[in-house]
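Throughout, protein chains are lettered first and strands after them, A, B, ... in sequence-line order, and every chain is numbered starting at 1. Every heavy atom of this structure was used, including side-chain atoms; hydrogens, water molecules and symmetry mates were not.
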Protein chains: 2
Amino acid sequence: MAFDQIDRRILELLQRDGRMTNVELAERVGLTAPPCLRRVRALEEAGAIRGYHADLDAATLGYPITVFAMVSLRSQAEQDLAAFEAHVATIPEVRECHMLNGEIDFILKIVASDLKGFQEILMTHLTPAPNVASVKTSLTIRTAKALPGIPVRVG
Amino acid sequence: MAFDQIDRRILELLQRDGRMTNVELAERVGLTAPPCLRRVRALEEAGAIRGYHADLDAATLGYPITVFAMVSLRSQAEQDLAAFEAHVATIPEVRECHMLNGEIDFILKIVASDLKGFQEILMTHLTPAPNVASVKTSLTIRTAKALPGIPVRVG
DNA sequence: CATGAAAATTTCTTACT
DNA sequence: AGTAAGAAATTTTCATG
């Protein structure tokens, strides 16, 4: 599928404001509402738009702690990697899990209500998990930049 | 400000589907539309909801490469930390920048169109930046989990 | 084949209770 | 928090280049 300039403009605008009305979106990209809506639906169908999410303030809602955990496993056999992924999928505080190349096998983004809660997750669910060789964690002091998704060239 | 069960339910639903209509939202939380909309506006005002974003598929839109970069600086004086943050803020491919405790000063999430593009960012904008002592990068092989935001207890 | 106009439906939003 | 009403947006249908 090919995305033209109007499609990219739509993507950029909806990434910036996911609740923009279709009428405003249409105006901004220079279309009327119906063809604009059809393009949005097509972008959703094509998988270019995976969904829409409210961006919640973690600290305000009781999760002031964000931690990155670098995890190394003993075995990197595919079934062992998959088993670890399946395990972390069950931990609600683990919001992201990315498999990396190199020494570190996974990087996890974890949120917690306090340090005690973080330690609980670490000691109870992560360090003792099967096949885990090492877990190195770093607390987030502050987040300087957190843009959604990707840069969208509207050139 | 205190959030009750209904507020939390609203937050959970909008985090899951940021374009849910207020009518459907109201039905799901057991209110009629007007008080539900008032709650949503109040949550936005209070900063609990920071915004809404379309979740775009990076690979489909020309950014198949995601890299995590662990950056250490020579000086951790506040002005030098802030200068680095201001610098990465100008690089569109750097989507996230978190200041960490410990050996690593910052973790960056970077997207790129290909390895050449990534190398370009690394060599041109990151490694030679003022005050940068070391940059260790890891390519993302696959992302096993990527939930938005935070767990919302609706108990 | 995508756009646009028009119309029907649904949603949003305000005023009031 | 809910009801009711007016305004606005969404969505379908249909005509056009």
Original post:
Quick one: does Thr124(A)'s side chain have a donor or acceptor within less than 3.5 Å of a partner on Glu120(A)'s backbone?
Top reply: yes
[X] [atom1]: over 12 foreign heavy atoms closer than 6.0 Å:
X: Arg16(B); atom1: CZ; answer: no
X: Glu24(A); atom1: CD; answer: yes
X: Glu103(B); atom1: CD; answer: no

**OP:** Kindly state which residues belonging to residues 44-55 of chain B come within less than 4.0 angstrom of DNA chain C, counting heavy atoms of the residue only, listed by number.
**Re:** none
Take atom [atom1] of [X] and atom [atom2] of [N], then tell me their distance rounded to the nearest Å.
X: Leu31(B); N: dT3(D); atom1: CG; atom2: P; result: 11 Å
X: Ile10(A); N: dA2(C); atom1: CD1; atom2: P; result: 13 Å
X: Arg28(A); N: dA9(D); atom1: CZ; atom2: P; result: 13 Å
X: Ile6(A); N: dA2(C); atom1: CD1; atom2: C1'; result: 10 Å

Could you go over nucleotides 12-17 of chain C and give all protein N or O partners under 3.5 Å, atom names and distances?
unit_1	atom_1	unit_2	atom_2	d
dC12(C)	OP1	Asn22(B)	N	3.0
dC12(C)	OP2	Asn22(B)	N	2.9
dC12(C)	OP2	Val23(B)	N	3.0
dT13(C)	OP2	Arg41(B)	NH2	2.6

**OP:** Under the side chain to side chain contact (heavy atoms under 4.5 Å, CB included) rule, what do Val94(B) and Lys145(A) come out as? Steps first, then yes or no, please.
**Re:** CA-CA 8 Å; Val94(B) 175; Lys145(A) 187 173 185 177; 4.2 Å; yes
**OP:** Mind checking side-chain hydrogen bond (donor to acceptor under 3.5 Å, both in side chains) for Arg153(B) and listing every partner two or more places apart, or none if nothing turns up?
**Re:** none
Original post:
Nearest 0.5 Å, what's the CZ-CZ distance between Arg38(A) and Arg41(A)?
Top reply: 11.5 Å
Original post:
With Watson-Crick and G-U wobble geometry limited to distances under 3.5 Å, how should the secondary structure of DNA chain D be encoded in dot-bracket form, using | for bases paired to another strand and [ ] for crossing pairs?
Top reply: |||||.|||||||||||
Original post:
Which residue pairs satisfy the ring-ring contact (aromatic ring centres under 6.0 Å, His included) criterion with at least one member in residues 32-66 of chain A, sequence neighbours excluded?
Top reply: none
Original post:
Is it the case that His87(B) and Glu85(B) place a side-chain donor and acceptor less than 3.5 Å from each other?
Top reply: no
Original post:
Using links of under 4.5 Å between side-chain heavy atoms of ILVMFWY residues, direct or through other members, which residues join Met70(A) in one cluster?
Top reply: Phe68(A), Leu100(A), Ile104(A), Ile107(A), Phe68(B), Met70(B), Leu100(B), Ile104(B), Ile107(B)
